[in-house]
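Working notes for the structure below.
The model shown is predicted, which means the values in this text are computed figures rather than measured ones. In what follows, every chain begins at residue 1, and chains take the letters A, B, ... in the order their sequences are listed.
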Amino acid sequence: MAMKEYLKEAIQQALSQMDGVPEGFEPELEAPRIAQHGDLATNCAMQLARHLRRAPLQIAEAIAACLVLDADRIARCEVVRPGFINFRFSKRHLYQSLAACLAAGLQFGRSRKGQGQRALVEFVSANPTGPLTVGHGRNAVLGDTIANLLEWIGYDVTREYYFNDAGRQMRVLGASVRGRYEQLTHAAGVATKMLRTGTDAEVVVPASFPDDGYLGNYIITIAKALAEKHGDALLTAEDEAPFTSAAKAAIFETIKGTLQRLGIVMDVFFNEQSLYDSGAVAAVLEALRDTGYIYQREGATWFKTSALGKDGDTVLVKSSGEPTYRLPDIAYHCDKIGRGFDRCIDVFGADHIATYPDILRALRLLKLDADRVEVIIYQFVTLLRGGKEVKMSTRKANFVTLDALITEVGADVARYFFLMRSAKRHLEFDLDLAKEASDKNPVFYLQYAHARICSIADKAASIGIETDASEDFSLLVHDAEVALIRQVVRFPSALSAAALAREPHRMIGYLREVAEQFSQFYHHCRILGEPRQIARARLALALAARVVLANGLAVLGITAPTSMERREERP
RNA sequence: GCGCCCGUAGCUCAGCCGGAUAGAGCGUCUGCCUCCGGAGCAGAAGGUCAGAGGUUCGAAUCCUCUCGGGCGUACCA
């Protein structure tokens, strides 16, 4: 990164000696796709061709002629075909960066880009009506990893879970538990009826069970616990409250346990109800009213979104007097901004696509800085079992819980699978592949490279070969060695690119390349058994690769094992 | 109808703030351990980047349209 800045300045210096360069022109530097072209390249000559009315190649040559570069840092600078200027780092620079990597160790890759900035990442935010599903898993892992990425570039990050434990949903939940409880505790038994699950299976439920009640077995578990604790004393309860609160507590316990298995710990659980209790919801509605974009019609309160670029208007308070979700959502975002967060990142499933534009409209009307709000929409997860799609619905009880998924494939594989694709694409999660063919799973490739380096380091130590950051790296000249150094040294910029884009999958791609470069190095360049100085230098390089793998996996929330179960001998 | 996302190798996907020869994994085929962990390495085959226009010195990438898939578009939560 420092190198990029250095070259940018050098180029600007050269450009300042030329006529006709537009004011404020900034040269761009990129790593060429093809390694042969160098470490960094600029296309600025081609961009300037229009303004200077000269051939790009000529301009590039003129720039190159004016460039003053430190030979200690840049070994080569060449002008090629259409008008690129390619730069190649000096070996010395690479060796210095390698030493820096080893010296920084577990801190390598951390930066201060976000220093002094506070970010709130809101994710999961599932209401306590049932266990987390596979869909929540993608949300949870994405949110947590984005939070990790932000922390690594210096942000002060708060992980927040927003939930609603009031309203119709919870009443139905309570009534469902009550129905099951009556079924369990009525000595004489209760009348029953049939309901259908999402897969059309029939379920026998008590007659008092709501038709749209929750059919999952976890409801029965909760009812059983109540029966054990209270006997049949709750049969005379006046309302669903004891059932609802027991259900809520039990379900939250389950949810927290599931998140913990994935290594996720929330900082704040934010209850929507608190926004009503504090008067924040009412205050926001009043403030919006003052903007003139609120009106009454047929007993409901409307937000005039049609005047703000939307197709129609939006109800904020129903004629029943009950607010829709929009209103507390708006109040919640006002609250977040009010708490002083510089970035408010929401991780939402694709089904929420329609809600956030309204929130942003409201924030702007209220003169709040809506630009602080970033919404990350991820597409749905398709779960495949036996090559067939598994359909999911919490209420209808045919879902695969996130817990079951973790048990089946393990937390590391689960995290990896949820992160390996761009959030904006549908994710195909093939259970059979994740589990049965785990030896083909790329997460093991990364972990294996790490474990292998640990093994080599142990063996080296046992025969008295140790190393530190002050090796003579100039002994590392093999193509595979230099390629690995290049890859390792890129880690900080790869990390910050992933963080700034909020795209964890980039980190996975980068780490896969690290493991690949390491494997090539490992096969081409022996460490143990070589002359001592070479062994030490190569060991140091391997340890640098280990640093990057360990730190990269830490960002992704995946463990970096020091050893892995040995496989059976190959035939 | 309207809004957002997607269409790239047999399959699953990178690449998308325009750049140099479109990449990877899996699958298929061929080689490779006397040796630091073979969950590996080396190599091969496999492409009208959905289609058509446009902008540009240059387009998988930007714009328009068409086709195909997903998700929304409730006084549901």
Side-chain angles (χ1 to χ4, degrees), chain A residues 28 30 32-34 36-37 41 43 46-47 49-50 55-56 80-84 86 127 129 164 167-170 172 212 297-302 309-312 314-325 349-357 377-380 382 384 395 420-430 433 437-449 451-460 463 465 480 501 505-506 508-509 512-513 515-516 518-530 535 538-539 542 563-567 569-571:
Chain A
E28 283 171 30
E30 278 181 347
R33 194 175 315 196
I34 296 152
Q36 280 179 340
H37 291 146
N43 61 352
M46 287 176 287
Q47 292 180 312
R50 208 167 312 157
V80 290
R81 291 180 300 259
F84 289 103
N86 295 337
N127 289 337
T129 58
N164 162 30
R168 209 190 76 86
Q169 225 184 153
M170 295 304 285
V172 172
D212 57 352
R297 190 175 76 202
E298 292 162 15
T301 305
W302 294 75
K310 192 177 165 179
D311 252 2
T314 310
V315 173
L316 294 183
V317 183
K318 298 184 244 177
S319 51
S320 66
E322 202 174 0
T324 63
Y325 261 62
D351 52 340
H352 284 68
I353 188 73
T355 81
Y356 82 91
I377 299 279
Y378 62 92
Q379 300 297 315
F380 286 160
T382 308
L384 296 179
R395 187 162 311 187
M420 69 182 173
R421 305 299 182 213
S422 160
K424 61 186 172 187
R425 295 187 65 122
H426 289 266
L427 175 64
E428 211 164 80
F429 198 122
D430 188 330
L433 184 80
S438 63
D439 58 320
K440 284 160 194 147
N441 193 311
V443 67
F444 290 99
Y445 185 57
L446 301 184
Q447 293 182 318
Y448 181 72
R452 187 184 248 173
I453 298 169
C454 292
S455 167
I456 295 169
D458 284 350
K459 195 152 287 186
I463 57 173
I465 297 176
H505 76 280
R506 296 196 190 194
I508 284 191
R512 206 195 51 72
E513 283 179 58
E516 193 171 281
F518 170 74
S519 294
Q520 288 172 15
F521 157 76
Y522 171 83
H523 279 270
H524 292 296
C525 307
R526 288 191 57 81
I527 296 172
L528 305 183
E530 295 293 313
R538 286 181 175 170
L539 179 60
S563 73
M564 294 180 78
E565 200 176 312
R566 275 179 196 265
R567 248 186 144 202
E569 290 300 308
R570 74 205 136 84

Applying a 4.0 Å non-hydrogen cut-off, can you work out what [X] is touching in the nucleic acid: base, sugar-phosphate, or nothing?
X       : result
Q36(A)  : base
E298(A) : base
Y522(A) : base
H505(A) : sugar-phosphate
C525(A) : base
R506(A) : nothing
R538(A) : nothing
M46(A)  : base
A41(A)  : base
N43(A)  : base
N86(A)  : base
A49(A)  : nothing
T324(A) : nothing

Q.
Tell me whether F444(A) and A39(B) count as stacked here, given that the ring centres must be under 5.5 Å apart and the planes must differ by less than 30 degrees.
A.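 Base of A39(B): stacked against F444(A).
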Q) Is H37(A) stacked on the base of A20(B), with ring centres under 5.5 Å apart and planes under 30° apart? A)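 Aromatic stack with A20(B) present for H37(A).
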Check whether any side-chain N or O of [X] sits under 4.0 Å from OP1 or OP2 of [N], and answer yes or no.
X       : N      : result
Q447(A) : A39(B) : no
Y445(A) : C41(B) : yes
K424(A) : C6(B)  : yes

Q) Given that A350(A) and H524(A) both sit by RNA chain B, which one's nearest nucleotide is further toward the 5' end? A) H524(A)
Q. Closest nucleotide of RNA chain B for V317(A) versus for A451(A): which of these residues is on the 5' side?
A. A451(A)
Any strand is fair game: report the nucleotide pairing with [N] by Watson-Crick or G-U wobble, both distances under 3.5 Å, or none.
N      : value
G53(B) : C63(B)
A39(B) : none
U73(B) : G1(B)
A44(B) : U28(B)

Q: Starting from P on A74(B), measure out to NZ on K310(A) and report it in whole angstrom.
A: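 Checked: the NZ to P distance equals 7 Å.
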**Q.** Separation of atom OH in Y448(A) from atom P in G37(B), rounded to whole Å
**A.** 8 Å
[X] side-chain proximity, nearest of [options]:
X       : options                : result
S563(A) : G37(B), G40(B), G19(B) : G37(B)
R425(A) : C2(B), U21(B), U8(B)   : U8(B)
F84(A)  : G1(B), G19(B), C36(B)  : G19(B)
E516(A) : G25(B), C13(B), G19(B) : G25(B)
I456(A) : G37(B), A42(B), C13(B) : G37(B)
I353(A) : G69(B), G3(B), G38(B)  : G3(B)

Q: Decide yes or no for F518(A) and L446(A): does some side-chain heavy atom of the first lie under 4.5 Å from some side-chain heavy atom of the second?
A: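 No. Closest side-chain heavy atoms not under 4.5 Å.
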**Q.** Q379(A) (side chain) and C6(B) (base): donor-acceptor pair under 3.5 Å
**A.**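 Looking at the base of C6(B), it does not pair with any donor or acceptor on the side chain of Q379(A) (distance under 3.5 Å).
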